[in-house]
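Before any comments, here is the structure.
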Protein chains: 2
Amino acid sequence: MIDDLERAGASVTVKRAGGPDPARSRLTMGDLAQLAGVSAITISRALKNSDLVRPAVREKIQSLAAAHGYRLNTAARNLRLRRNHSITAVVNMTPSADRPISDPIFLALVGGLLQVSTDAGCRLILTNADQLLSSRNDDTDGIIFLGQGSDDAVLREVNALGLPFVVWGAPREEGGGWLTIGSDNVRGGRSIGEHLTALGRKQLLFLGDPAYPEVADRLSGLRSATAASCEITVIACPFGRGAGMTATAQAMTEGWRGDAVVGASDTLAMGAMTTLLGAGLHIPHHVAVVGFDDIPAAATAPVPLTTVRQDWDKAGALLGTKLLQWVAGERPGGEMLPISLVERASTIGMR
Amino acid sequence: MIDDLERAGASVTVKRAGGPDPARSRLTMGDLAQLAGVSAITISRALKNSDLVRPAVREKIQSLAAAHGYRLNTAARNLRLRRNHSITAVVNMTPSADRPISDPIFLALVGGLLQVSTDAGCRLILTNADQLLSSRNDDTDGIIFLGQGSDDAVLREVNALGLPFVVWGAPREEGGGWLTIGSDNVRGGRSIGEHLTALGRKQLLFLGDPAYPEVADRLSGLRSATAASCEITVIACPFGRGAGMTATAQAMTEGWRGDAVVGASDTLAMGAMTTLLGAGLHIPHHVAVVGFDDIPAAATAPVPLTTVRQDWDKAGALLGTKLLQWVAGERPGGEMLPISLVERASTIGMR
DNA sequence: GACTAGTGCGCCCTTATCGTA
DNA sequence: CTACGATAAGGGCGCACTAGT
């Protein structure tokens, strides 16, 4: 009875009372249901490939939907399911040299992320920490932090949002509440140390700011593999090619005359290379140079750069997978990604 | 009366009939309304700073919302307003050398985009063309295409979605239906030509694939400024440092012995530089080198690179602004961004 | 009675419109 | 007229249920 009244009301109301501009309205499941001669829920199930709909009906509905260019209204689904079907990647976007994640790496990470998030039917939202924290909206299911830098306070604030939260970087002491995934920086530093030791290098210059946990790990790995045999001079400096140039020049001015430079990143190492070559030194005859990351430019540097490769694409995919598991209710553990040393002319070149 | 019945029904129904897991539910406007002793709509208005709510009430509600950590349910608002409050940036994410937009540029563009979209209360979604086209969802208000490459078919497909659509690149013949915004590539090429002509260079090598409209424009600008005075050899090659190295080597093998190389991008020019230096040539004494884009690495190349600067941050902001205007119902026109030549040692170095 | 394919209803949360004190 | 409230969408989907074998 109520049903009848409502139907009558609906058909009488030629001009809808409230609501936004109906001119922009698209095809809905209801429309599609009428066209197909079934109910809306059947459309829903058919488009989801549910077993509850016969294959024949399912196909008919799917082709009908395709023919009419039907697109699912995400807002309605999200509202009903209490999920946003989107995850957020937080990035420090300002183009500064002082950035722990360099550009090609960032793109590869995002590429991997995009792959898994799309496969899971999720959108990938890009933002930075300020925007994320100042938004008063509840529109994401989980957060991924790329390039944590050395700032714990921001991580804690983001964590306070109460969403699944995965950070790319070096794991801190436990208890943060979030999940950390990163490369095995200690092992990376160690393999550099072993390589240089095998080459008989004794006087190392390390470029990078140990305030970043990743950098500290790389340095400690390097130290552990070279303990007795090498002397290591550390110059704390930000990331970037310019910083590598400056730091190397500074070291030389201050009297450093070693036989190897290790950059905490490829950009740092390539900056060092520029300064060394400019000073008339031969690489690797006088000074060997090693980087970290294996960005594309490393292979085509003036002297191809020996460096530590990390599988960024896989890393991005792993970040996404873990976050999505967490969103789905599991509680996955952290993980370290393996690394591998790529030997090039900057350490093993012909003399 | 109906009201009373429903209230009674609600209070009796301890366990709700349908719906998803209620444990995960957050605070809603209704809850907040009860706490504040007003109706939900008043909460809505107060949080929007509407004049329809007294300032005193407004402030009380806002602080209440803040105290309880209330976050607006975006899905519900989007459903009601028939807007997604999100725009999509489409990017070719695969790390290939054959990419018309290099990484730092991409990040700067995205940074500018992020700025304006957030200011407008919009989320920025990142995706690639495949994902965008295969999605059967209707969850974005507009699309921005970064790095169109030479593939018109994809643009037409995206355009067929019927959403506001802005493309970064060189404008094509009219009638596409979408909006194109790009740098003034012709003028950029021309200023390179004028610069090299003033320096007395006569035999130019141009690296880049004219199949890309941007590249074709740069080349035609270069030609127009050097018409009588120069001979230009064109080597069609993809983007990237490696391609620049190979192409230059190829040109020299084939007998090219000119006095200037112009790369369609900085990466191409820097690759050329590597090959030239490796062949024992002096830059710019024997050969001047010019790039395009002014990526950060250009300033710190072995020989700092003369190049054409484009304001990427501003470009991203402009892309976003135009798209948002279109989303809001206006129909803004296309635009060209100004460029400027940055003269460095690769053309005006001491001899 | 057990099973399958499909239906009716209500709810998710916010906001435009109109009504009311 | 000012400040607030009641109502009704907005589109999709989970649950309980029914028609059919």
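Only this structure's heavy atoms are used, side chains among them; waters, hydrogens and symmetry mates stay out. Everything numeric here is computed off the predicted structure, so don't read it as measured data. Naming: A, B, ... by sequence-line order, numbering from 1 per chain.
In terms of phosphate contacts, B/S44 brings a side-chain nitrogen or oxygen within less than 4.0 Å of OP1 or OP2 of C/dT15. For D/dG5, one of the phosphate oxygens OP1 or OP2 lies less than 4.0 angstrom from a side-chain nitrogen or oxygen of B/T42. Of the side-chain N and O atoms in A/R82, one or more sit less than 4.0 angstrom from OP1 or OP2 of C/dC13.
For A/Q62, the side-chain contact (heavy atoms from CB on, under 4.5 Å) test picks out A/L47, A/N49, A/R58, with sequence neighbours left out.
One atom, CZ of A/R77, and another, P of D/dG14, lie 11 Å apart when rounded to the nearest Å. For the pair A/I61 CD1 and C/dT7 P, the computed distance is 9 Å after rounding to whole Å. Atom CD1 of B/I41 is separated from atom C1' of D/dA8 by 12 Å (rounded to the nearest Å).
Donor-acceptor pairing under 3.5 Å, judged by distance alone, is present between the side chain of A/R80 and the base of D/dC13.
Within 4.0 Å of B/I43, counting heavy atoms only, lies no atom of the nucleic acid at all.
One distance of note links CZ of A/R54 with OG1 of A/T42; it measures 10.0 Å at 0.5 Å rounding. The CG atom of A/L64 sits 11.5 Å away from atom OH of A/Y70, with the distance rounded to the nearest 0.5 Å.
In DNA chain C, runs of at least 3 stacked Watson-Crick or G-U pairs (N1-N3 plus N6-O4 or O6-N4, or N1-O2 plus O6-N3, all under 3.5 Å) give these stems: C:2-21 with D:2-21.
Relative to the side chain of A/N73, the nucleotides C/dC12, C/dT14, D/dG12 differ in distance, and D/dG12 lies closest.
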